[in-house]
J.: 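Dropping a structure here in structure tokens format, bear with me for questions.
Any value given below was found using the heavy atoms of this structure, including those in side chains, with hydrogens, waters and symmetry copies removed.
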Amino acid sequence: MTALTAGAFLRLHAMSGAAPMWLMVPVFGLQVAVTAGRWSLVNETPADRLINRALSFSAVCVFAALWDTDLSADGYPSRVFLVCGVLALASVYGLAELFDGADPAAVRRRQWGYDGFAVSGAGLLLLGDGLAAPANWWRTLLWVAVFQLPMAGAGVRTMRACLREMPRASSRLERIAYSALMVTAAYWCGAALFAVAISVLRGVTYPTEWTVASCLVYLFVTLLTAVPLVRAVGVYSGLDRTGRELRTLRPLWRDLTTAVPEVVLPATGRITEPDSRLYRMVVESRDALQQLRMYMPRDDSGELGIAAYARRIAQAVDAKAAGVAPSAELAAGENPYAGEDVDAELGHLLELARAWPGGVSEPARANRR
């Protein structure tokens, strides 16, 4: 959702004046890094691919502007800027349409149409020497159709989708994200109207200055598109919450499934999704603990707490390994550490996993090997 903010690369005249190079270059570097990271780690859904595509084209646009700041002159940078600019906007419009409820199965077909229209419009503008050509009525209309209408249309569709989805938001963070996206979409609409007014009043075909305001908006939307990337990096590195829970639970799960191998679920291929791995570990650990309750010694000491429970589980592991006969009566007893659902079970298992190293006996340690 937050990634719909790609495409705010269009540079408009404003009261703030041209953006200085010391601001443009770091923003461009950050955007290139985010784009490369997203292509590597966040590229699974049609929306992800449209976002990455828009970011890539917009990065080329900015590079062209850095290469030759005088885009109003005839030359290769202005032509690259023109073609990549319309393709980036076509991607943004397709993304906004998808967010507004369009059929995801038809994304590729629709995008071919948008790209064809964008490239055709850019080609007609290039026939008049691109951005260097003097303004006339048909070039102004074509420029509005190719650049400003898609930009305004994307803004309107995005705001409509945000207004529809915001009441359904389940958290404050999600509402903040929708609000930020609405502000960005409103900027698209306002920028489109402002650019049309400038072209009519000043007689220019395409404003080429990158203002401080536009550069800051570009930075803002780059940071928003980086949010899914940060999450993906956390998952990939195992530093997110699920990764930390997996590392905490793994020693306990390994010992329990080694002691009770029959609880291990059948393999259905290599499970790489962290949430799926965690769910599987919880289910297998829970089933192993239920089996081990048949081997737990009777507790006559009255000692309570998770550490005492960990020691009794370790004793059950030793008893099972020694060939002690299981007791159905023990298994039927009440288990104060059983969770009502998977989330509650995970919480109890994490507590047990933290207490487990201090409760594992030497025979149980040997059973790990």
J.: For Ala192 and Gln148, work out which heavy atoms get closest and say how close.
T.: CA-OE1, 3.1 Å

J.: Work out which heavy atom in Ala180 is nearest to a heavy atom in Leu224; give both atom names and the distance.
T.: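 Answer, listing the atom of Ala180 first, then Leu224: CB-CD1, 4.2 Å.
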
J.: Say you draw a straight line from CG of Leu125 to CG of Leu127; how long is it, rounded to the nearest 0.5 Å?
T.: 8.5 Å

J.: Is there a chain of hydrophobic side chains (I, L, V, M, F, W, Y, each step under 4.5 Å between heavy atoms) that links Ile306 to Val282?
T.: yes

J.: Apply the hydrophobic cluster definition, ILVMFWY joined by side-chain contacts under 4.5 Å directly or through others, and give me every member besides Val183.
T.: none

J.: Any chance you could measure Arg286, atom CZ, to His348, atom NE2, to the nearest 0.5 Å?
T.: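 Arg286 CZ to His348 NE2: 12.5 Å, rounded to 0.5 Å.
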
J.: Is there a side chain to side chain contact (heavy atoms under 4.5 Å, CB included) between Asn52 and Thr35? Walk through the geometry before answering.
T.: CA-CA 6 Å; Asn52 298 343; Thr35 303; 5.6 Å; no

J.: For a quick test of reading the model, state the closest non-hydrogen atom pair linking Thr158 to Ala96 and the distance between them.
T.: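 Where Thr158 meets Ala96 most closely, the heavy atoms are OG1-CB, 3.4 Å.
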
J.: Looking at Glu262, I want to see if its CD is surrounded by more than 12 non-hydrogen atoms of other residues, nucleotides or ligands under 6.0 Å.
T.: yes

J.: Is the closest side-chain heavy-atom distance between Glu345 and Val283 below 4.5 Å?
T.: no

J.: Report yes if some heavy atom in the side chain of Thr225 is under 4.5 Å from a heavy atom in the side chain of Leu55; otherwise report no.
T.: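 Yes; the side chains approach each other to less than 4.5 Å.
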
J.: Give me the atom names and distance for the closest heavy-atom approach of Ala310 to Ala355.
T.: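 The pair with the smallest heavy-atom distance is CB-O, 4.0 Å.
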
J.: Enumerate donor-acceptor pairs with a distance under 3.5 Å from any side-chain N or O in residues 80-95 to protein atoms, sequence neighbours excluded.
T.:
unit_1, atom_1, unit_2, atom_2, d
Ser91, OG, Arg53, NH1, 2.4
Ser91, OG, Leu87, O, 3.1

J.: Is it true that Phe57 and Leu126 fall in one hydrophobic cluster, defined by side-chain heavy atoms closer than 4.5 Å?
T.: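 Yes: a chain of side-chain contacts under 4.5 Å links Phe57 to Leu126.
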
J.: Could you give me the CA-CA distance, side-chain angles and deciding distance for Leu352 and Leu289, then say whether side chain to side chain contact (heavy atoms under 4.5 Å, CB included) is met?
T.: CA-CA 11 Å; Leu352 180 59; Leu289 287 172; 3.9 Å; yes

J.: List the residues meeting salt bridge (charged side-chain N to carboxylate O under 4.0 Å, His left out) with Arg110, not counting sequence neighbours, and say none if there are none.
T.: Glu97

J.: Give a yes or no on whether the backbone of Ala259 and the side-chain of Lys320 come within a donor-acceptor separation of less than 3.5 Å.
T.: yes

J.: Please lay out, stage by stage, how Met296 and Tyr309 fare under the test side chain to side chain contact (heavy atoms under 4.5 Å, CB included).
T.: CA-CA 10 Å; Met296 289 175 64; Tyr309 181 63; 4.2 Å; yes

J.: Let me confirm one number: the CD1-CG distance from Ile313 to Asp318, rounded to the nearest 0.5 Å.
T.: 11.5 Å

J.: Would you say Val27 and Met24 are hydrophobically clustered, going by side-chain heavy atoms of ILVMFWY under 4.5 Å?
T.: yes

J.: Test of understanding: clusters of I, L, V, M, F, W, Y form through side-chain heavy atoms closer than 4.5 Å, transitively. Do Tyr187 and Leu193 belong to the same one?
T.: no

J.: Applying salt bridge (charged side-chain N to carboxylate O under 4.0 Å, His left out), can you list everything that pairs with Arg172, at least two apart in sequence or on another chain?
T.: none

J.: Looking only at heavy atoms, which two atoms of Val42 and Pro228 are closest? And how far apart?
T.: CG2-O, 3.8 Å

J.: How far does OG1 of Thr257 sit from CG of Leu265, to the nearest 0.5 angstrom?
T.: 10.5 Å

J.: Run the numbers on Trp39 and Ser56 for side chain to side chain donor-acceptor pair (under 3.5 Å), then give the verdict.
T.: CA-CA 9 Å; Trp39 276 116; Ser56 300; 2.7 Å; yes

J.: I'd like to know if Val62 and Leu23 are part of one continuous hydrophobic network [Ile/Leu/Val/Met/Phe/Trp/Tyr, side-chain heavy atoms within less than 4.5 Å].
T.: yes

J.: Indicate yes or no: at least one non-hydrogen side-chain atom of Met159 is less than 4.5 angstrom from one of Cys189.
T.: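 Met159 vs Cys189: side chains touch.
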
J.: Going by salt bridge (charged side-chain N to carboxylate O under 4.0 Å, His left out), name the residues that satisfy it together with Arg108, two or more places apart in sequence or in a different chain.
T.: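 If we apply the salt bridge (charged side-chain N to carboxylate O under 4.0 Å, His left out) test to Arg108, skipping adjacent residues, there are no hits.
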
J.: Nearest 0.5 Å, please: how far is CZ in Arg164 from OH in Tyr178?
T.: 8.5 Å

J.: How far apart are the closest heavy atoms of Cys162 and Met182, and which atoms are they?
T.: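 Of all heavy-atom pairs spanning Cys162 and Met182, the closest is CB-CG, 3.2 Å.
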
J.: Going by salt bridge (charged side-chain N to carboxylate O under 4.0 Å, His left out), name the residues that satisfy it together with Arg250, two or more places apart in sequence or in a different chain.
T.: none

J.: Quick check for you: to the nearest 0.5 Å, what is the distance between Arg38 atom CZ and Ile51 atom CD1?
T.: 4.5 Å

